[in-house]
Amino acid sequence: MKENEAKIEAAHKRLEENTKKIMEEENAARKKEAAQKAFQRWKEKKEYLKEKNKKEKERERAMKEKQQEALTKRMKDNEIALEKWNTKKEIILKAKAKEKIIENRKEDLKRTEKKDKEAIDAYEKCLKKKGEMYEYEKKEKKCNFSLKSQARPPWRFPAKLFSKVF
(Lines give C-alpha, C1' and ligand atoms only; values in the text may rest on other atoms or scores of the structure.)
Protein backbone atom coordinates (compact mmCIF):
# COMPACT_ATOMS: atom_id res chain seq x y z
CA MET A 1 0.00 0.00 0.00
CA LYS A 2 2.78 2.21 0.60
CA GLU A 3 3.79 1.65 -2.88
CA ASN A 4 0.33 2.38 -4.04
CA GLU A 5 0.21 5.46 -1.97
CA ALA A 6 3.59 6.51 -3.21
CA LYS A 7 2.41 5.90 -6.77
CA ILE A 8 -0.77 7.81 -6.10
CA GLU A 9 1.17 10.57 -4.50
CA ALA A 10 3.67 10.60 -7.36
CA ALA A 11 0.79 10.67 -9.80
CA HIS A 12 -0.76 13.38 -7.72
CA LYS A 13 2.48 15.32 -7.83
CA ARG A 14 2.77 14.84 -11.59
CA LEU A 15 -0.79 15.85 -12.00
CA GLU A 16 -0.16 18.87 -9.85
CA GLU A 17 3.00 19.70 -11.77
CA ASN A 18 1.16 19.19 -15.06
CA THR A 19 -1.69 21.41 -13.92
CA LYS A 20 0.85 23.91 -12.65
CA LYS A 21 2.63 23.75 -16.02
CA ILE A 22 -0.64 24.01 -17.87
CA MET A 23 -1.64 26.94 -15.66
CA GLU A 24 1.71 28.57 -16.24
CA GLU A 25 1.41 27.98 -19.98
CA GLU A 26 -2.15 29.29 -19.94
CA ASN A 27 -0.98 32.20 -17.83
CA ALA A 28 1.89 32.82 -20.24
CA ALA A 29 -0.53 32.44 -23.15
CA ARG A 30 -2.95 34.90 -21.49
CA LYS A 31 -0.12 37.30 -20.80
CA LYS A 32 1.08 36.89 -24.36
CA GLU A 33 -2.44 37.41 -25.63
CA ALA A 34 -2.91 40.44 -23.32
CA ALA A 35 0.43 41.83 -24.50
CA GLN A 36 -0.61 41.13 -28.08
CA LYS A 37 -3.96 42.91 -27.47
CA ALA A 38 -2.18 45.82 -25.74
CA PHE A 39 0.25 46.02 -28.66
CA GLN A 40 -2.66 45.88 -31.08
CA ARG A 41 -4.49 48.65 -29.16
CA TRP A 42 -1.28 50.69 -29.05
CA LYS A 43 -0.78 50.13 -32.77
CA GLU A 44 -4.39 51.11 -33.51
CA LYS A 45 -4.09 54.16 -31.26
CA LYS A 46 -0.84 55.09 -33.01
CA GLU A 47 -2.52 54.72 -36.42
CA TYR A 48 -5.52 56.70 -35.18
CA LEU A 49 -3.26 59.48 -33.86
CA LYS A 50 -1.22 59.38 -37.08
CA GLU A 51 -4.42 59.75 -39.14
CA LYS A 52 -5.71 62.45 -36.81
CA ASN A 53 -2.40 64.31 -37.06
CA LYS A 54 -2.43 63.93 -40.85
CA LYS A 55 -6.00 65.26 -41.03
CA GLU A 56 -5.09 68.16 -38.70
CA LYS A 57 -2.11 69.07 -40.86
CA GLU A 58 -4.26 68.82 -43.99
CA ARG A 59 -6.91 71.03 -42.39
CA GLU A 60 -4.24 73.56 -41.30
CA ARG A 61 -2.72 73.54 -44.80
CA ALA A 62 -6.16 74.07 -46.34
CA MET A 63 -6.87 76.86 -43.86
CA LYS A 64 -3.52 78.55 -44.60
CA GLU A 65 -4.18 78.18 -48.31
CA LYS A 66 -7.62 79.73 -47.88
CA GLN A 67 -6.17 82.58 -45.84
CA GLN A 68 -3.45 83.11 -48.45
CA GLU A 69 -6.08 83.16 -51.20
CA ALA A 70 -8.17 85.64 -49.20
CA LEU A 71 -5.08 87.79 -48.59
CA THR A 72 -4.13 87.63 -52.27
CA LYS A 73 -7.68 88.56 -53.29
CA ARG A 74 -7.74 91.42 -50.79
CA MET A 75 -4.37 92.65 -52.09
CA LYS A 76 -5.66 92.50 -55.68
CA ASP A 77 -8.82 94.35 -54.67
CA ASN A 78 -6.72 96.96 -52.88
CA GLU A 79 -4.46 97.35 -55.92
CA ILE A 80 -7.47 97.71 -58.22
CA ALA A 81 -9.06 100.24 -55.86
CA LEU A 82 -5.76 102.14 -55.66
CA GLU A 83 -5.43 102.17 -59.46
CA LYS A 84 -9.01 103.45 -59.80
CA TRP A 85 -8.35 106.10 -57.17
CA ASN A 86 -5.12 107.11 -58.90
CA THR A 87 -6.86 107.40 -62.29
CA LYS A 88 -9.66 109.47 -60.74
CA LYS A 89 -7.06 111.60 -58.99
CA GLU A 90 -5.16 112.10 -62.25
CA ILE A 91 -8.37 113.02 -64.04
CA ILE A 92 -9.30 115.49 -61.31
CA LEU A 93 -5.78 116.95 -61.25
CA LYS A 94 -5.79 117.28 -65.04
CA ALA A 95 -9.20 118.97 -64.89
CA LYS A 96 -7.98 121.34 -62.19
CA ALA A 97 -4.82 122.06 -64.20
CA LYS A 98 -6.94 122.79 -67.30
CA GLU A 99 -9.23 124.95 -65.19
CA LYS A 100 -6.25 126.80 -63.77
CA ILE A 101 -4.78 127.29 -67.25
CA ILE A 102 -8.13 128.61 -68.48
CA GLU A 103 -8.37 130.88 -65.44
CA ASN A 104 -4.82 132.14 -66.01
CA ARG A 105 -5.62 132.78 -69.65
CA LYS A 106 -8.76 134.67 -68.66
CA GLU A 107 -6.75 136.73 -66.18
CA ASP A 108 -4.07 137.38 -68.81
CA LEU A 109 -6.78 138.36 -71.28
CA LYS A 110 -8.38 140.69 -68.70
CA ARG A 111 -4.94 142.19 -67.93
CA THR A 112 -4.17 142.71 -71.61
CA GLU A 113 -7.65 144.18 -72.17
CA LYS A 114 -7.12 146.48 -69.21
CA LYS A 115 -3.67 147.49 -70.49
CA ASP A 116 -5.11 148.01 -73.98
CA LYS A 117 -7.94 150.10 -72.54
CA GLU A 118 -5.47 152.14 -70.47
CA ALA A 119 -3.28 152.56 -73.54
CA ILE A 120 -6.29 153.63 -75.60
CA ASP A 121 -7.38 156.04 -72.84
CA ALA A 122 -3.84 157.42 -72.62
CA TYR A 123 -3.74 157.75 -76.40
CA GLU A 124 -7.11 159.51 -76.45
CA LYS A 125 -5.97 161.85 -73.67
CA CYS A 126 -2.81 162.53 -75.59
CA LEU A 127 -4.83 163.19 -78.75
CA LYS A 128 -7.19 165.42 -76.82
CA LYS A 129 -4.28 167.31 -75.30
CA LYS A 130 -2.66 167.59 -78.67
CA GLY A 131 -5.93 168.83 -80.14
CA GLU A 132 -6.27 171.34 -77.32
CA MET A 133 -2.66 172.41 -77.79
CA TYR A 134 -3.27 172.75 -81.49
CA GLU A 135 -6.38 174.85 -80.85
CA TYR A 136 -4.52 176.90 -78.26
CA GLU A 137 -1.60 177.47 -80.64
CA LYS A 138 -4.03 178.29 -83.41
CA LYS A 139 -5.76 180.88 -81.22
CA GLU A 140 -2.41 182.19 -80.04
CA LYS A 141 -1.16 182.53 -83.59
CA LYS A 142 -4.36 184.30 -84.47
CA CYS A 143 -3.94 186.62 -81.55
CA ASN A 144 -0.27 187.16 -82.29
CA PHE A 145 -1.05 187.76 -85.94
CA SER A 146 -3.65 190.34 -85.08
CA LEU A 147 -1.27 191.98 -82.62
CA LYS A 148 1.52 191.94 -85.13
CA SER A 149 -0.68 193.26 -87.89
CA GLN A 150 -1.49 196.33 -85.79
CA ALA A 151 1.62 198.31 -85.69
CA ARG A 152 2.18 199.77 -82.37
CA PRO A 153 3.13 203.26 -82.14
CA PRO A 154 6.43 203.97 -80.54
CA TRP A 155 6.47 204.34 -76.82
CA ARG A 156 5.40 207.58 -75.32
CA PHE A 157 5.32 208.98 -71.97
CA PRO A 158 2.00 208.18 -70.37
CA ALA A 159 1.19 211.72 -69.29
CA LYS A 160 1.18 212.96 -72.81
CA LEU A 161 -0.91 210.10 -73.88
CA PHE A 162 -3.64 210.74 -71.41
CA SER A 163 -3.83 214.43 -72.14
CA LYS A 164 -4.46 213.85 -75.79
CA VAL A 165 -6.97 211.21 -75.36
CA PHE A 166 -9.21 213.09 -73.01
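If you're wondering where the values come from, they're calculated on a predicted model, not measured in any experiment.
We find the CD-NZ distance between E137 and K130 to be 10.5 Å, quoted to the nearest 0.5 Å. A distance of 11.0 Å separates CZ of R105 from NZ of K98, quoted to the nearest 0.5 Å. With rounding to the nearest 0.5 angstrom, the CG atom of L93 is 11.5 Å from the NZ atom of K100. In this structure, K94 NZ and E90 CD are separated by 6.0 Å, a value rounded to the nearest 0.5 Å. A distance of 6.5 Å separates CG in N18 from NZ in K21, rounded to the nearest 0.5 Å. A distance of 8.0 Å separates CD in E103 from NZ in K106, rounded to the nearest 0.5 Å.
E65 places a side-chain heavy atom less than 4.5 Å from the side chain of R61. Using a 4.5 Å cut-off on side-chain heavy atoms (C-beta onward), L49 and N53 make no contact. Within the 4.5 Å cutoff, the side chain of Y48 has no heavy atoms near those of the E44 side chain. In this structure, the side chains of E113 and K117 stay at 4.5 Å or more apart for every pair of heavy atoms.
Results of the side chain to side chain contact (heavy atoms under 4.5 Å, CB included) test with W42 over K45, K46, Q40 single out K46 as the only residue that passes.
Enclosure of atom CD in E26 by more than 12 non-hydrogen atoms of other residues, nucleotides or ligands within 6.0 angstrom is indicated.
Salt bridge E60/K64: absent, no basic N to carboxylate O contact under 4.0 Å. Salt bridge E16/K13: absent, no basic N to carboxylate O contact under 4.0 Å. Between K128 and E124, no side-chain nitrogen of the basic residue sits less than 4.0 Å from a carboxylate oxygen of the acidic one, so the salt-bridge criterion is not met.
Across every non-hydrogen atom of D108 and R111, the tightest pair is OD1-NH1, 2.7 Å.
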(request) Please report the C-alpha distance between E33 and K37 in whole Å, then the side-chain angles of each, then the deciding distance to 0.1 Å, and finally whether the salt bridge (Lys or Arg N to Asp or Glu O under 4.0 Å) criterion is met. (result) CA-CA 6 Å; E33 193 177 302; K37 282 183 181 179; 3.7 Å; yes

